[in-house]
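Note sheet for the following structure.
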Amino acid sequence: MELHPIMSPQSQPSPAAGNINDEWEARLLAEQKRNHEEFRQFAYAVSHDLREQLRMITSYTQLLELQYRDQLSGDGQEFMRYILESTERMDRLLGDLLTYSHQFRALDQPQQRVDPEGALQGAILMLDTAMRDSGAQITNDPLPAIHFDFPQLTQLFRQLLSNAICFRGPEPPRIHVSAADTGEAIQFSVQDNGIGIEPRYHEQIFGVFKRLHGREFPGTGIGLAIARRIVEQRGGRIWVTSELGQGATFYFTIPGSTAG
């Protein structure tokens, strides 16, 4: 005969308590969704409105330079160049902030089976100018189809490739993309021959506005934060292995497998 412990009335779960917990959970999820939407709208408004003002500053500075170039001293022309360079950097920063804010939209679209090689080629087309200027070469192994959002996957590849091109060493960038099925996820890698990253900074670089090199290299410090947001909101993870002066390999996983 099997004996079962008798639960006192105090130890038995209350249906009312379960309803309260469900209600609180629903409210928290709704509040989180509302906060994300408010942040997205705020970032969009700031980026859009500030970029309009930057375009005005840039346009009138260029007009002043064109009309009064012969009357400006060497210092005056240098000041004009500083203004234009600063507005250009700010415009890139706001553009990346706008892209980052887009990653906070609700995931209300079903994931489709997509071809990563198509997304990779789309990212390469977006970086055509940077590739030609740097002499970058990008190669890839066959990449298996996955369930994902195609524009977001293209954006993810673009950020990682752009990062590899930006932080290049004395040799032209050589970037290779590959993927492996781990059984539970598809693990992608983006390997480069760039300047590398000290291990103590491997986590820091994925934060917003985290720049290790100041203005020595172009960039806004948001690109890898965008990549991390895209991967993690889909249930994957992203990390890097690197040593200073020995290039870097960025990995990210997409849940699922080719067998699934």
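- Judged by distance alone, the side chain of S242 and the main-chain N or O of G247 form a donor-acceptor pair under 3.5 Å.
- Formation of a donor-acceptor pair under 3.5 Å by the D181 side chain with backbone atoms of Q187 is not found in this model.
- Distance alone, capped at 3.5 Å, is enough to place a donor-acceptor pair between the R168 side chain and the I165 backbone.
- Under the 3.5 Å distance criterion, the side-chain polar atoms of T249 are left unmatched by any main-chain donor or acceptor of Q191.
- One distance of note links CG of L125 with CZ of R158; it measures 11.5 Å at 0.5 Å rounding.
- Applying the side chain to side chain contact (heavy atoms under 4.5 Å, CB included) criterion to A164, with sequence neighbours excluded, gives I175, D192.
- Identified under the ring-ring contact (aromatic ring centres under 6.0 Å, His included) test for residues 223-249, with sequence neighbours left out: W239-Y251.
- To the nearest 0.5 Å, atom CD of residue E88 and atom OG1 of residue T58 are 8.5 Å apart.
- Both the sub-6.0 Å distance and the 45° axial angle are satisfied by R234 relative to the ring of F148.
- Hydrophobic clustering of Ile, Leu, Val, Met, Phe, Trp and Tyr side chains at less than 4.5 Å, counting indirect connections, unites L224 with Y201.
- Here side chain to side chain donor-acceptor pair (under 3.5 Å) pairs that include residues 62-71, with residues two or more places apart or in two chains, number zero.
- Residue E78 places its CD atom among more than 12 non-hydrogen atoms of other residues, nucleotides or ligands, all under 6.0 Å distant.
- Among pairs with a residue in residues 122-140, those fulfilling side chain to side chain donor-acceptor pair (under 3.5 Å) read D128-R132, T139-H176, at least two apart in sequence or across chains.
- Remark: D115 CG to Q121 CD distance equals 9.5 Å, nearest 0.5 Å.
- No path of Ile, Leu, Val, Met, Phe, Trp and Tyr side chains, each step under 4.5 Å between heavy atoms, connects I222 with M126, placing them in separate hydrophobic clusters.
- Rounded to the nearest 0.5 angstrom, E203 CD and I197 CD1 are separated by 12.0 Å.
- A donor-acceptor pair is defined here as one N or O able to donate and one able to accept, closer than 3.5 Å; such a pair exists between the side chain of T87 and the backbone of L84.
- Among residues two or more places apart in sequence or in another chain, the salt bridge (charged side-chain N to carboxylate O under 4.0 Å, His left out) test is passed with E117 by none.
- In this structure, the separation between CG on N163 and CD1 on I205 is 7.0 Å, given to the nearest 0.5 Å.
- Smallest separation of non-hydrogen atoms from Q152 and D149: N-OD2, 2.9 Å.
- In terms of heavy-atom proximity, H202 sits nearest to V240 at ND1-O, 3.5 Å.
- In this structure, the side chain of H147 does not engage the main chain of V114 through any donor-acceptor pair within 3.5 Å.
- Transitive grouping of hydrophobic side chains (ILVMFWY, heavy atoms separated by less than 4.5 Å) keeps M80 and L54 in distinct clusters.
- Contacts of R174 classified as salt bridge (charged side-chain N to carboxylate O under 4.0 Å, His left out), with partners at least two apart in sequence or in another chain: none.
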